[in-house]
Amino acid sequence: MGPTTGRIQRNPLREAPADRVNTKVIQPAPPPEPENPPRPAGDLSRASLAKVADAVVTAWADKSLERRRLRRLSTVTILEHLKQFPGTTWQQRWVAAGLDEYGTNPGDLGGQDKKLRKLFISGTRQLFCLRVIRPSLDAFRGHTYPNYALDFRLVAKDPLLDKFHAAVEASDATPAARRTALFDVACALTVFGISLADLTPEVLLHYSLESRRKQLTRGATKRGQEYNYAAIAAWHILYESGHFPPSAPHVLRAALVGGQKSVEELVDRQQLRNTTVRDLLVDYLRRRAADLDHSSLRQLARVLPGTFWSNVEKVNPDQADLRLSEETYQQWKETISVLPGGRPRLDMDGVLLKVRTFYLDLQSWAVAEPERWAAWSVPCPVRDAELRWFNVRRREINARMAERTRVRQPLLPLLVDHVTNRWMRLREILAAAQAVEPGERFTAAGAQWQRTASEYDLKRAKTEKSFPVRAVNRDTGELVAVTRDETAAFWDWAVVETLRHAGLRIEELTELTHLSVRNYQRPNGEVVALLVVTPSKTDRERVIPMSAELFHVIAQVIRRHRATYGTVPIASRYDVHEKVWCPPLPYLFQTQTGLERQAMSTSTIWRRLRKCCTELAKTHPEFVGTTFSAHDFRRIFATDLVNSGLPIHIGAALLGHLNIQTTRGYVAVFDDDIVRHYQQFLDQRRQLRPEEEYRDPTSEEWSEFQEHFDKRKVELGSCGRPYGTPCAHEHACIRCPMLSVNPTMLPRLDELEDDLVARRQHAIDQGWKGEVEGIELTLTFLRSKRAQVRRSQQLPPVNLGIPSVPHSRLTPE
């Protein structure tokens, strides 16, 4: 089992395999000046104007005399302008003319004359391709130069460049990503004055970082004051085609992350003045690293060398050892109680606990190894009295989290309806738009639409089988990028539904793969869907039965992948906590940037949830200033489970909690029910299994377990109550959240609704207000379940392509 993403002890610190982690982080660097710079038409740096113009005509060899005349004219036009400036080479004159600076555009030399502007741009483009002029990155990006990569390749006559173009055409990238990859490589070769043989990973990384720093990344969307990285697709193709060595990072992102840092690097980031204490902290953290994952080690390295000792040195620069005076200790506490931004520190107890553990560890180690640790065994400045109220403050934190859950629990249905209705609406619009040709009108989602038919759309319609669809709302004039918005709406829906039905941690959601979906066939032929959850905060892998709603969501995710790619594609995943690259797997929640497929990151999920809440706040004041985190869904899931009658120990198993008290802290409502269920479980356990706690089931017990699933069959569908538990709602199935309605029973729901409506009217006539209230509650549950079933019916069945698992692994011996 590879590294996972939790925050507590799971995996010891170790060297990561070379094929998973970039153990050698490359340094961005511009290329050295080549001894023999590429010159497709020879050295023209000092050639006469006529000779350069002849070389341009010869290099392109146009059959059209008019095209030849225009190429010569455009070359002469720009060179005549450059002749006015001092210099012995055309490059020197280019710089002297001020055309190599930021924001310059050769077309501006033509003023308002469109023909003259085109001549200046065309001439400059030709000089770039022939390497007569080597522009800076700023100057080159002053104009777009459409299809520059094709002209550059035509003139270069470089076999390696031809091979790269062939690799781009053979790739699975979108047409836009292909064009961007070709442009990035041509741009890098032009501005650095090198051939493709000299384009190393270090050079391309330098180009990418410079493009981002100068906000010149092609096709990027602005995020605040930063832009995306350039050459993402180009890097992928250069690596896959063998141009980059195998030791290079497999994707650009892997070159941007530094991987796991050593203990020395973690400590030295704080720049401690006392080298003796610095060495002690290194030794201490190195010993603790054997029992910590890298995330926990980094957190400990932030507190001890940073929050603790670096601030001690600020308070008392002459402090030579760990024996702190009371004055120094109190000044240190006062210093760290306020964060740099002025806000009070909320994790003060956590800092004091880590410092106290540090001192107590040294004292205990000094007994076993006095020669090494005895000199550092001094009284701990953090006293017991300071942590005496730790449990009280912890309960206050739990109370705040419970209140947060109670606030968000009634808002969850609004969020679910928002993401579901938005996806269904855009899905309907997309299906209708794809059924018509560009420019045609159609009706969808109760509105009149027209598919866009710009020159760009018509060109792509002739050359591509499928491309992003855009449509205009004829009533409002709104332009909608239907394909893009429908994709975003689907993943918003999938994230919300999976989190609320499975109660997963956010790391566990990102780690779900196609291999996580299993099925178990019972002897009577019934198939039980299972979801294998990889360990996140604990080392215990767990298998949870999927409800009909959760299975529906997972099935739609798999269906979407299979409809697009034929299977769930392999994607890479970077563990931001452990700082490692995990093995490529068919992750269910994944995104694609150019050619790079990556598992959806935790920050991406967080941004999606925040965006959904922001959109809801426009129409629902309850969402103003309120957001949902992934853990909010987990707490609401735990609360609904336990308050619906599920024993708390089973809820702990579903949530992956090692301690049942952790589950109790998650539950926010009806705390008296939790205690009652817990006590009932303990009493029953003591009576039934006082001696032999864990053993293999007998054949009778296994038969009883099998019969349990038959007893869950009810008129309207299937009951989801777990094994060994009775019906907690006295068979009030319509009101029971554990009832999964069979779609074939929808007519029966309609009959029940008609009967309930008639009974309600009779109760109103008789003045039975209590009966009216009960019937209205039942009607609410009935209509909610019917709407849920109808939503699931809108989508076709899905072939999950579940990998086969040996039957022996799912049955007892």
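Owing to the predicted nature of the structure, the values given are computational and were not obtained by experimental measurement. Because only heavy atoms are used, hydrogens play no part in the values below, and waters and symmetry mates are left out as well, while side chains stay in.
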Just jot down the side-chain contact (heavy atoms from CB on, under 4.5 Å) partners of [X], sequence neighbours excluded, or say none.
X	result
Ala188	Phe192, Leu199, Tyr207
Ala374	Ala366, Pro370
Ala617	Phe623, Val624

Atom [atom1] in [X], atom [atom2] in [Y]: separation rounded to 0.5 Å?
X	Y	atom1	atom2	result
Trp376	Asp361	CH2	CG	15.5 Å
Ile636	Leu412	CD1	CG	5.0 Å
Leu297	Leu266	CG	CG	5.5 Å
Arg634	Leu504	CZ	CG	7.5 Å
Ser208	Arg213	OG	CZ	12.5 Å
Phe637	His501	CZ	NE2	9.5 Å

Stepwise, does the side-chain contact (heavy atoms from CB on, under 4.5 Å) test hold for Leu272 with Ser310? CA-CA 6 Å; Leu272 304 180; Ser310 66; 3.9 Å; yes
[X] bridged to [Y] by N-O distance under 4.0 Å:
X	Y	result
Arg356	Glu386	no
Arg406	Glu403	yes
Lys611	Asp492	no

Considering residues, nucleotides and ligands other than [X], do more than 12 of their heavy atoms fall under 6.0 Å from its [atom1]?
X	atom1	value
Gln271	CD	no
Glu334	CD	no
Glu371	CD	yes

So do [Y] and [X] actually touch side chain to side chain, heavy atoms under 4.5 Å?
X	Y	result
Glu210	Leu216	no
Glu508	Leu512	no
Leu585	Arg573	no
Arg372	Asp283	yes

Strictly by salt bridge (Lys or Arg N to Asp or Glu O under 4.0 Å), give each pair with a member in residues 303-325 just once, sequence neighbours left out. none
Decide whether Asp279 and Thr276 meet the rule of one side-chain donor and one side-chain acceptor closer than 3.5 Å.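 No - no donor-acceptor pair under 3.5 Å links their side chains.
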Who passes salt bridge (Lys or Arg N to Asp or Glu O under 4.0 Å) against Glu497, sequence neighbours left out?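 For Glu497, the residues satisfying salt bridge (Lys or Arg N to Asp or Glu O under 4.0 Å) (neighbours in sequence not counted) are Arg500.
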Could you work out, with side chain to side chain donor-acceptor pair (under 3.5 Å) as the rule, every residue matching Glu622, not counting sequence neighbours?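 In terms of side chain to side chain donor-acceptor pair (under 3.5 Å), with neighbours along the sequence ignored, Glu622 is linked to no residue.
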ring-ring contact (aromatic ring centres under 6.0 Å, His included) with Phe308: of Tyr284, Trp332, Tyr329, only one passes, and it is Trp332
